[in-house]
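In the text below, chain A, chain B and the rest are named by the order of the sequence lines, each starting its count at 1. Everything quoted here is computed from the prediction, not taken from an experiment.
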Number of protein chains: 2
Amino acid sequence: MAEQHELRDKGLRLTPQRELVLSAVRALGHATPEEVAEKVRQSHPGINLSTVYRNLETLENVGLVQHTHLGHGGATYHAAEELTHLHLVCGVCGSVGDAPIEAAANFVNSLADDYGFKTDVTHFAIYGTCSACIPVED
Amino acid sequence: MAEQHELRDKGLRLTPQRELVLSAVRALGHATPEEVAEKVRQSHPGINLSTVYRNLETLENVGLVQHTHLGHGGATYHAAEELTHLHLVCGVCGSVGDAPIEAAANFVNSLADDYGFKTDVTHFAIYGTCSACIPVED
DNA sequence: GCTGAAGATGCGACCTTTTCGCAATTAGTT
DNA sequence: AACTAATTGCGAAAAGGTCGCATCTTCAGC
């Protein structure tokens, strides 16, 4: 299985918990630590929340997962390879929509040109009001 | 003093705590609830943290202050009239820079046109790496 | 200026989320 | 098989924020 190499190659030990945390993040798309723990418990009921937190941190350090702030307070974790879209969070209904990163390309470039700021647009959600929640005007 | 009218006009009672919270937010530019409390305590030592939280919420409901997520976890509060800039948060050094809202105008417009999403760019910080923390290349 | 009712405050308890220390266990090396 | 260092589980506890309740204050009406 390639996944073993993937973790070993990053200099990480291969523990059942660690593999399960990584595959839970991948399976869930995006998830809070609590949700990851719940998913992992389906096959490994005894896993401790601390272990989930520590593994998410470890996996983030080697670049296999990343976290994003969607607003409420807690971070949500993504597999690194999935982080190819912006998150459009609706402040009214709470829904999280996606938009391609390219939608922000000009914005990112102008911040780089004008302020020397290298933007990671996926780290924070884009906050606003989704089309379904905007009152229709006449 | 005009400030009294300002609060009364919004239908709020005028309490020393409320006035102090509002002027603390204005004086600080942006601040966490904890920082607001600390500021208020300079002239009103007994103020309770709950009161600060409740007043920030109340003031936000009537539109005098707004909160922004700068990343770490806690929200930071701004006077509404000051919220005319983006926040560029550096993930390396933690600094918070400003950029005019206009820098995002095209981005906001394209999200509106393509996704019907009405963006509030000030609500979340823009995350990335500031010019001082980008390694110089040859 | 008093008075009463609605609203605000202070206080403490409590909840959620995340971190930490430590002893026991386990992975990977030799 | 044995050793060492990383990892886990567990409980305690740090942050950050909310809530109920008794007391006190604001402000409208008199």
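Residue contacts for B:Arg54: at a heavy-atom cut-off of 4.0 Å it reaches a base atom on one of the strands shown. Contact annotation for A:Ile47: backbone-only contact, meaning every heavy-atom pair under 4.0 Å involves sugar-phosphate atoms and none involves a base.
To the nearest 0.5 Å, the span separating CD on B:Glu102 from OG1 on B:Thr84 amounts to 8.5 Å. Going from atom CZ of B:Phe107 over to atom CD1 of A:Ile126 covers 4.0 Å, rounded to the nearest 0.5 Å. In this structure, B:Leu56 CG and B:Leu64 CG are separated by 11.5 Å, a value rounded to the nearest 0.5 Å. In this structure, B:Asp98 CG and A:Tyr115 OH are separated by 9.5 Å, a value rounded to the nearest 0.5 Å. Atom CG of residue A:Leu111 and atom CG of residue A:Asn106 lie 11.0 Å apart, to the nearest 0.5 angstrom. Interatomic distance, B:Leu12 CG to B:Glu19 CD, rounded to the nearest 0.5 Å: 11.0 Å.
Among all heavy-atom pairs drawn from A:Cys93 and A:Cys130, the shortest one is SG-SG, 3.8 Å. When all heavy atoms are compared, the tightest approach of B:Val52 to B:Pro33 is CG1-O, 3.7 Å.
Note on A:Thr15: every side-chain N or O is 4.0 Å or more away from OP1 and OP2 of C:dA27. An OP1 or OP2 oxygen of C:dT26 is reached within less than 4.0 angstrom by no side-chain nitrogen or oxygen of A:Gln17. Considering only side-chain N and O atoms, A:Arg8 lies under 4.0 angstrom from the phosphate OP1 or OP2 of C:dT29.
Each side chain to side chain donor-acceptor pair (under 3.5 Å) pair with one or both residues in residues 122-136 of chain A, not counting sequence neighbours, appears once here: A:Asp120-A:Thr122.
Proximity of the aromatic rings of A:His87 and A:His78 is defined here by a centroid distance below 6.0 angstrom, and this criterion is met.
If one axis is set at each end of the helix from C:dG1-D:dC30 to C:dT30-D:dA1 from five pairs, those axes are 30° apart, to 10°.
For A:Leu56 and C:dT17, the CG to C1' distance is 14 Å, given to the nearest whole Å. What separates CG of B:Leu14 from P of C:dT9 is a distance of 11 Å, to the nearest Å. A:Glu60 has its CD atom 11 Å from the P atom of C:dT19, to the nearest Å. Between A:His67 atom NE2 and C:dT19 atom P there is a gap of 10 Å when expressed in whole angstrom units. Rounded to whole Å, the distance from CZ on A:Arg18 to P on C:dT26 is 15 Å. What separates CG of A:Leu49 from C1' of C:dT17 is a distance of 9 Å, to the nearest Å.
For B:Arg18, the side chain to side chain donor-acceptor pair (under 3.5 Å) partners at least two apart in sequence or on another chain are B:Asn55.
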Between protein and nucleic acid, restricted to nucleotides 12-15 of chain C and to nitrogen or oxygen atoms under 3.5 Å apart, what atom pairs and distances do you find?
from	atom 1	to	atom 2	distance (Å)
C:dG12	O6	B:Ser50	OG	3.2

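Heavy atoms of other residues, nucleotides or ligands lying less than 6.0 angstrom from CD of B:Glu60 number more than 12. In this structure, B:Glu34 places its CD atom where only 12 or fewer heavy-atom neighbours from other residues, nucleotides or ligands lie under 6.0 Å away. Within 6.0 Å of the CD atom in A:Glu35, the count of heavy atoms belonging to other residues, nucleotides or ligands exceeds 12.
A heavy atom closer than 4.0 Å to some atom of DNA chain C occurs in no member of residues 31-45 of chain A.
Put simply, chain B comes within 4.0 Å of DNA chain D, heavy atom to any atom, from D:dG16 to D:dA28, going 5' to 3'.
With hydrogens and angles left out, the side chain of B:Arg13 and the base of C:dA6 share a donor-acceptor pair within 3.5 Å.
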